[in-house]
Amino acid sequence: MTAVTTGAMTLPLDVEPIRAQFPVLHQEVNGQPLAYLDNAATTQKPRAVIDAVSGFYERDCANVHRGVHALSARATEAYEAARGSVQRRLNARRPGEIVFVRGATEAINLVAWSFLRPRLQAGDEILVTEMEHHANIVPWQLLCQQIGAQLRVVPVTDSGELRLEALDGLLGDRTRLLALTHVSNALGTINPVAEIVARAHARGVPVLVDGAQALPHVAMDVQALDVDFYVFSGHKTYGPSGIGALYGKHEHLQAMPPWQGGGEMILSVTFDRTTFAAPPLRFEAGTPDMEGAIGLAAALEWLESVGLERAAAHERELLDHATRALRSVPGVRIIGTAAEKAAIISFTMEGAHPHDIGTILDHEGIAVRTGHHCAQPLMRRFGVPATARASFALYNTHAEVERLVEGLHQVRRVLGR
Amino acid sequence: MSDLRALYEEVILEHNRKPRNYMKRPEGANRSAYGFNPICGDEFTIHMTVEDGVVKDVGFEGAGCAISTASASMMTQAVMGKTEAEAEALFEAVRDLLTHDHPDPATAGRVGKLQVLTGVREFPMRVKCATLAWHTMHAAMHGVDGTVNTEEPEEHHQCAIGGGH
Ligand SMILES: Cc1ncc(COP(=O)(O)O)c(C=O)c1O
């Protein structure tokens, strides 16, 4: 039981009943109870999500938007209701601003090719930050190569915060888009998105925010933030993999050409010409991931039922605990010490390569991520080839933090340090 | 803890702490290759002086985990003074030992001390760590300034992509 204070309310988050809803957590790995601390890579799924997906298969499985029969009607209704769930989670103005995609990666590619490409010319610039995931670097790079545009980069400080004072200098007349992450997957930094969007808009620059790491942890209001595009993945927020969403402002989506052609996204087709459907269907060619969308909606609703604030407060306690505890382990260096952080801790350990840390912790039943976290430019910035990363979800416990610390002592023992 | 000890054999830990022929670029080195594992960021450059078909000297630089560092260190010791054909045979034997569940029984005899690396077989995720330096050595022997990466099919290992680094 953790007592937390969130605004006016004091609510305890009782972790055990929550853990009970996650079947996967109750197993042994290498003879030890599993401590799953790799949530930034993917989160585990609660029973509510598993049941929603299998329930779709058991009762409603049919293709959407096509049949007139009962199952197809039910499937369509559930799929569109799921769109509504995402709309509410992001506080978009209308469901039509939500496009279902495979995940954050596909959403970014969609914006790159459908929104930006038609308006990008040689010599133009796309602004990203030094802490982006490869998913928010490579699509822009590909575009730059095709068009002859240039990628420019907002640097980060030693503590892992964006150097906002550099932002205004980088937002130039030729900047066509600013793409940045809401929460860094490798540092945990929560970026001041509202302020950044305001500064970009003051220069007439649209903004895409990568919310892949934010959605499981922080509240989101696309209207209040006034972002142009917001993207995320279901699997990182207790939902299925292979599903995610793109939020785009209505006026942007309306103006964007389709990026993939096929069924479902059309109004009419002759061999001479095709008239495309309005957004969002225009961007959802082919049979969509129906069970994924339904599972995603179940995940968003489940998290809402737990209470995002309560979950975030619990994670903040885990983060504080883990930060303090890891600092007490000799040789540990935490990479990313921003004032505003999500429950993600990247670290290195003197004399122990992250991969050795990962293997030895795994032997203790503790799952952490090791490697460059698809953020190689950021690793270079901090002068490390890789880090070990512990990332927490609302079902993690203080006992697991203690096990992590004990595991790191074990790493020192095994490697003879 | 027992099988973990098989991976982190005392010999391996010792080589990791004090890698042999490390940060060494032999006088008159005439072969070198850069090998890297794009998944984990391990990278090594192997330099060799090969004269009259014999590995006269060899050294390595770079950084990696305990397994890859120790394997690189042991590799340099093992191929030092060997003929190219012998070094090549050793590469084949080590690879066989690490990547096959039932390596040729003769293999074990041929690799000698390198048998300590067999513990890695129980950790499939770590096999690439142990083989990286060997693939890189193999590439160095077959061409000057080759580049190897663990994620490419082996047939492509010898295509030199630019010059080393
Ligand atoms: C910040 C960030 N952006 C984008 C992605 C890509 O997400 P996906 O692979 O689900 O498309 C990730 C996943 O690691 C991420 O952490």
Side-chain angles (χ1 to χ4, degrees), chain A residues 28-32 38 41 134 137-138 186 331 335 346-389 403 406-417, chain B residues 1-19 22 34-45 60-73 98 116-133 136 149-151 165:
Chain A
E28 293 199 341
V29 168
N30 291 320
Q32 304 284 341
D38 191 17
H134 294 168
I137 299 174
V138 182
I335 313 267
S346 251
F347 61 96
T348 59
M349 209 173 152
E350 213 174 283
H353 188 280
H355 271 53
D356 296 314
I357 298 175
T359 294
I360 297 166
L361 289 180
D362 180 55
H363 204 74
E364 304 290 317
I366 304 166
V368 299
R369 180 60 156 264
T370 58
H372 51 59
H373 317 296
C374 298
Q376 281 183 317
L378 187 68
M379 296 292 116
R380 228 161 272 139
R381 158 70 178 81
F382 284 95
V384 295
T387 70
R389 178 185 73 186
R403 282 182 60 197
E406 181 43 42
L408 293 177
H409 286 295
Q410 176 70 354
V411 170
R412 288 168 50 82
R413 281 194 290 274
V414 170
L415 295 182
R417 298 285 157 178
Chain B
M1 181 66 184
S2 54
D3 49 339
L4 202 55
R5 268 288 165 225
L7 179 66
Y8 294 106
E9 276 265 4
E10 202 45 58
V11 178
I12 289 179
L13 294 174
E14 204 274 327
H15 273 273
N16 178 46
R17 275 193 292 267
K18 283 204 266 354
Y22 179 57
Y34 169 67
F36 69 104
N37 179 339
I39 307 295
C40 69
D42 287 359
E43 52 178 353
F44 293 108
T45 302
F60 78 103
E61 52 196 2
C65 63
I67 306 304
S68 62
T69 305
S71 182
S73 168
L98 292 178
V116 296
L117 291 171
T118 47
V120 178
R121 243 189 0 230
E122 307 303 315
F123 296 80
M125 315 279 279
R126 307 302 301 277
V127 168
K128 283 175 187 165
C129 307
T131 53
L132 176 59
T136 311
N149 87 65
T150 55
E151 301 310 303
H165 283 108

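Since the model is a prediction, treat every value here as computed from it, not as a measurement. Letters A, B, ... are given to chains in the order of the sequence lines, protein chains preceding strands, and every chain is numbered from 1. Computed from heavy atoms alone, side chains included, the values below leave out hydrogens, waters and symmetry copies.
- Heavy atoms of A66(B) lying under 4.5 Å from chain A belong to its backbone as well as its side chain.
- Contact count against chain B (heavy-atom pairs under 4.5 Å) is highest for I360(A) among I360(A), T370(A), D362(A), V384(A).
- Using a 4.5 Å cut-off on side-chain heavy atoms (C-beta onward), S346(A) and F382(A) make no contact.
- Contact count against chain A (heavy-atom pairs under 4.5 Å) is highest for G64(B) among A63(B), G64(B), S68(B).
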**Request:** Report the C-alpha separation of S71(B) and L117(B) in whole Å, then their side-chain angles, then the decisive distance to 0.1 Å, and conclude whether the side chain to side chain contact (heavy atoms under 4.5 Å, CB included) test is met.
**Result:** CA-CA 8 Å; S71(B) 182; L117(B) 291 171; 4.0 Å; yes

TODO: Show your working on side chain to side chain contact (heavy atoms under 4.5 Å, CB included) between L408(A) and L361(A) and close with a plain yes or no.
DONE: CA-CA 7 Å; L408(A) 293 177; L361(A) 289 180; 4.2 Å; yes

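- When side chains are defined from C-beta on, T136(B) does not count as touching F36(B), because their heavy atoms never get closer than 4.5 Å.
- You'll find the side chain of D42(B) stays beyond 4.5 Å of the side chain of P385(A), heavy atoms only.
- Side-chain atoms of H363(A) and Q410(A), non-hydrogen and from C-beta on, never get closer than 4.5 Å to each other.
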**Prompt:** Hey, mind stepping through I67(B) and F123(B) against side chain to side chain contact (heavy atoms under 4.5 Å, CB included) and telling me if it holds?
**Reply:** CA-CA 11 Å; I67(B) 306 304; F123(B) 296 80; over 6 Å; no

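- Neither the backbone nor the side chain of I12(B) comes within contact range of chain A; no heavy atoms are under 4.5 Å apart.
- Inspection of non-hydrogen atoms places H353(A), H355(A), D356(A) of residues 351-358 of chain A under 4.5 Å from chain B.
- Remark: side-chain polar atoms of T387(A) are not paired, donor with acceptor, to backbone N or O of T348(A) under 3.5 angstrom.
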